[in-house]
Amino acid sequence: MAASVRYLLKPWTPSLCFVRWSRYNPYYLDPDPSKDAVPESELSPEQKELQELKTVRPIKAALSSDTSSPFNDPLMSKFINMMMEDGNKILARGIMTQTLETIKRRQVEKYHKSPAAKREEVECNPYAIFHQALENCKPIIGLASVQKGGKFYQVPVPLTDNRRRFLAMKWLITECRDNKHRRTHMYEKLSQELLAAFANEGNVVKRKQDLHKMAEANRAYAHYRWW
Amino acid sequence: MNLHKLASRLRPTVTQKFRHFHIQGSGQQLEAVVGETSSAEPSLLSVFRTSEQDPACHSERHTGQYYTIPPAHIQKLFPHGLPPRFQLQVKTFNEGCVMVRPPALELISYLKRVDYSKPPLRYILYGDTGSGKTLSLCHALHYCYTQGWLILHIPDAHLWVKNCKELLPSSSRPSRFDQPIQASQWLKNFKITNERFLSKIKTTQRYVWTKRESTEEGRPLGELVDQGVNRMKSSSDVVGAVLRELRLQAGGATDGEGAFKLAVAVDGVNALWGKTTLKKEDKTMCEPEELTLIHNLRKMMKNDWSGGAILTALSQTGSLFKPRSAYLPNELLGEEGFDNMEPFVPVSVPNYSEKEFESCYLYYLDRNWLQHPHSRSEEGKKELIFLSNKNPSILERLCAFL
């Protein structure tokens, strides 16, 4: 058993290197580039086990877009990757930073123009707005197409976390690309959508709510799901 | 305890505790400390701001501090002069604050001491990209405005040598080219800045624009400017006429209504002697000499008049056919430009010093601009210093999305 695992661990480079695929043996662990080390006493038993594992097991190579700085946000990186076209990461990252800047400018302007009593309510942090807006766009339940008796039914189905996050980001990006005026910049469109989603308004939140309503309407077919 | 806080406040390096105090700024503590500072420095409300609004009174002890330009002055004096990102910042923060820095102080001190009966001195602000040349120029111009000078501000000479949609052959001279849109735009802004002088200055010569239009001798300058704004075709020649009138009358008149000092401020002065990207109708390249606006501006740069000063700043950002790393006057002006501008007073504009960076950082914190929790910590500040190398424009762009 140990011998076979060791065989799996041998550094094997394929003769043909696929550019877009980096397929690692599942034995390899994900890298954690952050600098802060949590002291021993605060870790739960599972996390202590993970720390032990890290000293023994091999770790995958870190992506070149991840930094050890606390400014690095994994959710932000995921969104930038989804927005990227033809591998143009510089453009996608530029659009994202411009979006954050636009959101912050609008909010800080509102902050400075509002009276002292209302200033507490204005949220100026673009990262907080982005995270909250994404949360507001995530659907709780989805629909799957199941075939039964020759017909296809839309069956309400629970979604994994990854799928929900993916759907929220996808809806945001397609909404901005398709349904807005073609002469506006992407960062303007994105900032408008994000601010609207933060306030639970706008087309993306509406789409999520429509999905929920469809799932509620098709409640009767829930038993068609077998997984 | 209060004395300790006062002492740490007056020192330029700011401790963590002080910054914490400054951000929270609870009412009672602030009043108590203000009571004690009233004997020491009555104008210092905090380390990075000064309440001294008059540029004439700025001195070395105000270096690194921000002073506010009143909104009325911004509207009048800078309809087109401020850099676009700074204009956005003014709109966002609801106030126009400029940092007092040594190059601007140097310029203002020269302006205070010069003898204005002699020909004007040429000052060139040079420095790395984004180090603050344009804003230093604007600071000096604000000083001139508060002293009642006539401001002739060309915000970016590069805009006159590229991207011109309409290039008409000149109506007055056969080998020259006119740029009506740029000229009339500039005349409109000139009118906003110098309203009060327009009725006082009179023309000294008769100008004929077309067969039916002419401006007589002795008419107020306002009429000349209106002629240029309304009639786009002759606006470039009007600009030339206005420059000529101002040059003749700058120091000339004796004390009385007519006396005024002229401040000629050109940003991106290296455009006047560089190359253009404009093409003539036969697809050959246009020389800067063949453009009316550039030709007249070059005449202005010569020091054959008296009663004013020529403040200029170099700029690589909008320049044509110059490498990114060029920033010295020799490299950017070229041989011809350097010979024309010589002798001049060079003023170097470096990146932020430690104290200035500290001040900028505190200003952004105060205006609620740095939102990322890590950027408000010591580690984050060190990262910002590392990433921006204390270059003002790079720091501004970094803090914009953090």
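Residue numbers start from 1 in every chain, and the chains themselves are labelled A, B, ... in the order their sequence lines are given, proteins ahead of strands. Bear in mind that the values here come from a model prediction, so they are computed numbers and not experimental data.
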Option that, when pairs with chain A are counted at under 4.5 Å, heavy atom only, ranks first among B:Glu379, B:Lys91, B:His374 =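 The option with the most such pairs is B:His374.
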
Who among B:Gln371, B:Gln89, B:Glu95 has the most heavy-atom pairs with chain A under 4.5 Å?
->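 Most heavy-atom pairs within the cutoff with chain A belong to B:Gln371.
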
Should [X] and [Y] count as side-chain neighbours, where that means a heavy-atom distance under 4.5 Å?
X        : Y        : answer
B:Trp369 : A:Arg105 : yes
B:His372 : A:Tyr127 : yes
A:His112 : B:Arg367 : yes
A:Lys104 : B:Phe401 : no
A:Lys113 : B:Asn94  : yes
B:Pro373 : A:Asn125 : yes
B:Glu383 : A:Pro70  : yes

Value rounded to 0.5 Å, distance of [atom1] in [X] from [atom2] in [Y]:
X        : Y        : atom1 : atom2 : result
B:Leu88  : A:Glu101 : CG    : CD    : 7.5 Å
B:Leu384 : A:Phe71  : CG    : CZ    : 5.0 Å
B:Leu370 : A:Cys124 : CG    : SG    : 12.0 Å

Is it true that atom [atom1] of [X] has more than 12 heavy atoms of other residues, nucleotides or ligands lying nearer than 6.0 Å?
X        : atom1 : answer
B:Phe386 : CZ    : no
B:Tyr66  : OH    : yes
A:Arg106 : CZ    : yes
A:Leu53  : CG    : yes
B:Gln75  : CD    : no
A:Lys89  : NZ    : yes
A:Lys138 : NZ    : yes
A:Lys54  : NZ    : yes

How close do B:Asn368 and A:Val108 get, heavy atom to heavy atom, and via which atoms?
->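 That would be O-CG2, 3.6 Å.
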
Specify which of A:Thr99, A:Thr97, A:Ile103 makes the most heavy-atom pairs with chain B at under 4.5 Å.
->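 Counting heavy-atom pairs under 4.5 Å, the top option is A:Thr97.
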
